[in-house]
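Let me begin by presenting the structure, written as structure tokens, before commenting on it.
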2 protein chains.
Amino acid sequence: MKEKKLTIPTLKRLPLYYNIAIRALARGENYISSAFIAEKLDIDATQVRKDIATIGYVGKPKVGFDTKEFSTHLETFLGFSKERNIILIGAGNLGIALAKYDGFTQYGLQIKAIFDKDSRKIGMKILDKEVISVSEMKNFIVKNNIQIAVLTIPAQFAQEVADELVSVGIKAIWNFAPVNLDLPKDVICWNQDLAASFITFVQLLKD
Amino acid sequence: MKEKKLTIPTLKRLPLYYNIAIRALARGENYISSAFIAEKLDIDATQVRKDIATIGYVGKPKVGFDTKEFSTHLETFLGFSKERNIILIGAGNLGIALAKYDGFTQYGLQIKAIFDKDSRKIGMKILDKEVISVSEMKNFIVKNNIQIAVLTIPAQFAQEVADELVSVGIKAIWNFAPVNLDLPKDVICWNQDLAASFITFVQLLKD
DNA sequence: TAGATTGTTAATCGATTAACAATC
DNA sequence: TAGATTGTTAATCGATTAACAATC
């Protein structure tokens, strides 16, 4: 029941457990074992049990983890029902793809606005959201109490925009620009450099 | 000079070093130190030197690493000049965004074709590439000796498409679908589940 | 030369895996 | 009950960090 310290590796695995759990639930499986999850993810079953213990969920010895209960526990723990107000900066291809991506909404991600500096894009509709001029960004953040920003702009503008975001109290940045941002320690930055990720991936073909 | 074993953590950092090096080069800085790189990435300078030693590049004690030489060494090591023939499966928002993304071309990524099963999308042009029916996918892979596939299709179709890919000799899959694929051990799979990544990211806001 | 930075070995830290008792 | 699976402690493994000699 007591929660231990969560590490990043554990935090990365939890959403994967969730995916497996809801799929098992959809198939009508009432219980899943740590060995089953481990096999799917090609990791150790002890790892799985330890992670699950860390978030305070307990299984039934001999039976496994109650699929429904476990899924719900993960939903609560990971905060899916908690609405996350987010803004997206950069209405390029990637920004538009993310704005349209339906994989996010089920996790409570609510994109409140999309900003761009290109006047030709201002007013454009992406699903139900309009592209707004970056000149209105700071005001919008303050007014709507936004805490999370997604950066899908070219690398050369990323730092200056990040500085603006920080100046109005943004607490977390999901950064798709291929650059490491210089930020105050209390601002969380999550880098998602797809090109860098691709390069790492193809290196694995070497051996 | 001798190359030691490359670990995944090291492989993930190398592209970041490259980004920093080319930017320093553009600013006209002839040398960069491990301390400089470390500070940018908020990691330990020893780590940086160790990684660099691993890929067989040597710096100058007292001076640092020759920016131009180091960049070139990384380009060669990471194989940017080696053309990678790739196909993309799934012409949805994310697939189109990746197909248009210019961040890849400089690293040798060549998208040879885009496949989709939606007849309304077949024939659509994305930059200079046409969307082709998945029914032609296997033939295309064999004829063009494709080794790498990018999967940007819904989770429920990912496994069957992956099986098809494997059956015609695909060696590596960059998987954006939120599902863990069941593949032969010799096929490399790199999962890029953006929704899962987002969930992990927002957990960091908890403390 | 003196000082700064690399290269590398040793120490530490943390994550993964093994072993096994507890449990239903 | 016997067997299967959890929960957890101990052992291992690997990655990061500290220390410092080598070098220009």
Side-chain angles (χ1 to χ4, degrees), chain A residues 1-17 20-21 24 29-71 73-74 77 180 200 203-204 207, chain B residues 1-14 16-17 20-21 24 29-71 73-74 77 200 203-204 207:
Chain A
M1 194 56 73
K2 68 171 187 299
E3 291 177 16
K4 290 159 198 169
K5 212 185 99 237
L6 279 152
T7 63
I8 299 270
T10 296
L11 239 25
K12 285 185 177 173
R13 285 188 294 264
L14 294 177
L16 309 181
Y17 299 167
I20 291 168
E29 293 167 23
N30 292 325
Y31 288 91
I32 43 173
S33 68
S34 59
F36 176 80
I37 296 173
E39 196 266 325
K40 288 272 174 200
L41 298 174
D42 203 20
I43 58 174
D44 196 281
T46 307
Q47 185 78 269
V48 176
R49 293 200 295 278
K50 241 185 172 188
D51 288 338
I52 294 174
T54 306
I55 62 168
Y57 186 68
V58 287
K60 289 192 180 50
K62 179 178 168 168
V63 197
F65 300 92
D66 182 304
T67 317
K68 176 84 193 96
E69 246 183 45
F70 180 47
S71 305
H73 188 96
L74 275 169
F77 185 87
N180 276 83
T200 303
Q203 299 310 307
L204 303 176
D207 28 58
Chain B
M1 193 57 73
K2 68 171 187 300
E3 292 178 15
K4 289 160 199 169
K5 213 183 98 237
L6 279 154
T7 63
I8 299 268
T10 295
L11 238 25
K12 284 184 176 173
R13 286 186 294 263
L14 294 177
L16 310 180
Y17 298 167
I20 291 168
E29 291 166 23
N30 292 324
Y31 289 91
I32 44 173
S33 69
S34 59
F36 176 80
I37 296 174
E39 197 267 325
K40 287 273 174 198
L41 299 173
D42 203 20
I43 58 176
D44 196 280
T46 307
Q47 184 78 271
V48 176
R49 292 200 295 278
K50 241 186 172 185
D51 288 338
I52 293 174
T54 305
I55 60 167
Y57 186 68
V58 287
K60 287 190 181 52
K62 177 178 170 168
V63 198
F65 299 92
D66 181 305
T67 316
K68 176 85 194 94
E69 245 183 46
F70 180 47
S71 305
H73 189 96
L74 276 168
F77 186 87
T200 303
Q203 299 311 307
L204 303 176
D207 28 57

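Letters go in sequence order (proteins before strands), and every chain restarts at 1.
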- Task: Dump the intermediate steps for side-chain contact (heavy atoms from CB on, under 4.5 Å) on B:Ile8 and A:Leu204, then the final yes or no.
- Result: CA-CA 9 Å; B:Ile8 299 268; A:Leu204 303 176; 3.6 Å; yes

- Message: With side-chain contact (heavy atoms from CB on, under 4.5 Å) as the criterion, how do B:Asp66 and B:Tyr57 come out once you've worked through the C-alpha distance, each side chain's angles and the decisive distance to 0.1 Å?
- Response: CA-CA 10 Å; B:Asp66 181 305; B:Tyr57 186 68; 3.5 Å; yes

- Task: Start with the C-alpha gap between A:Leu6 and A:Phe77, add the side-chain angles, then the distance that decides, and say whether side-chain contact (heavy atoms from CB on, under 4.5 Å) holds.
- Result: CA-CA 12 Å; A:Leu6 279 152; A:Phe77 185 87; 3.2 Å; yes

- Item | Derivation and outcome, side-chain contact (heavy atoms from CB on, under 4.5 Å), residues B:Phe70 and B:Ile37 | CA-CA 12 Å; B:Phe70 180 47; B:Ile37 296 174; 4.1 Å; yes

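For A:Pro61, taking side-chain heavy atoms from C-beta onward, the closest of the listed nucleotides D:dT5, C:dA4, D:dT17 is D:dT5. In this structure, the nucleotide among D:dG7, D:dT17, C:dT17 sitting nearest to the side chain of B:Gln47 is D:dT17. For A:Ser33, whose side chain is taken as the heavy atoms from C-beta onward, the closest listed nucleotide among C:dT17, D:dT6, C:dT16 is D:dT6. With C:dA19, C:dT16, C:dT8 as the candidates, the nucleotide lying closest to the side chain of B:Thr46 is C:dT8. The listed nucleotides are C:dT8, C:dT17, C:dA15; the one nearest the side chain of B:Arg49 is C:dT8. Candidate nucleotides D:dA19, C:dA4, D:dT16 were compared by shortest atom distance to the side chain of B:Lys62, and C:dA4 ranks first. Side chain of A:Val58, nearest nucleotide from C:dA18, D:dG7, C:dT5: D:dG7.
Rounded to whole angstrom, the span from the CD1 atom of A:Ile43 across to the P atom of D:dC13 amounts to 19 Å. Per the geometry, NZ belonging to A:Lys12 stands 11 Å off P belonging to C:dT16, to the nearest Å. Atom-to-atom, NZ of B:Lys50 to C1' of D:dA19 comes out at 13 Å; the value is rounded to the nearest Å. Here the C1' atom of nucleotide D:dG7 and the CD1 atom of A:Ile55 are 14 Å apart, to the nearest Å. A straight line from CG of B:Leu11 to C1' of D:dA15 spans 14 Å, rounded to a whole angstrom. Rounding to whole angstrom units, CZ of residue B:Phe65 and P of D:dC24 are separated by 14 Å. Atom CG in A:Leu6 sits roughly 15 Å away from atom C1' in C:dG14 (whole-Å rounding). When the C1' atom of C:dT5 is taken as reference, atom CD1 of B:Ile52 falls 12 Å away, rounded to whole Å.
Heavy-atom nearest nucleotides on DNA chain C were determined for A:Lys60 and for A:Asp51, and the one closer to the 5' end corresponds to A:Asp51. The nearest heavy atom of DNA chain D to B:Thr10 and to A:Tyr57 marks one nucleotide each, and the one closer to the 5' end goes with A:Tyr57.
Under the Watson-Crick and G-U wobble criteria, each requiring two contacts below 3.5 Å, nucleotide C:dA4 is paired to D:dT23. Base pairing analysis places D:dT17 opposite C:dA10; the two distances defining the Watson-Crick or G-U wobble pair are each below 3.5 Å.
Here A:Arg13 does not reach the OP1 or OP2 of C:dA15: none of its side-chain N or O atoms lies under 4.0 Å away.
For the side-chain contact (heavy atoms from CB on, under 4.5 Å) criterion with A:Asp44, the lone passing option out of A:Asp42, A:Leu41, A:Thr46 is A:Thr46.
Rounding to the nearest 0.5 angstrom, the gap separating the CD atom in A:Glu39 from the CD1 atom in A:Ile20 is 9.5 Å.
B:Thr7 comes within contact range of the sugar-phosphate backbone alone, with a heavy-atom separation under 4.0 Å but no base atom that close.
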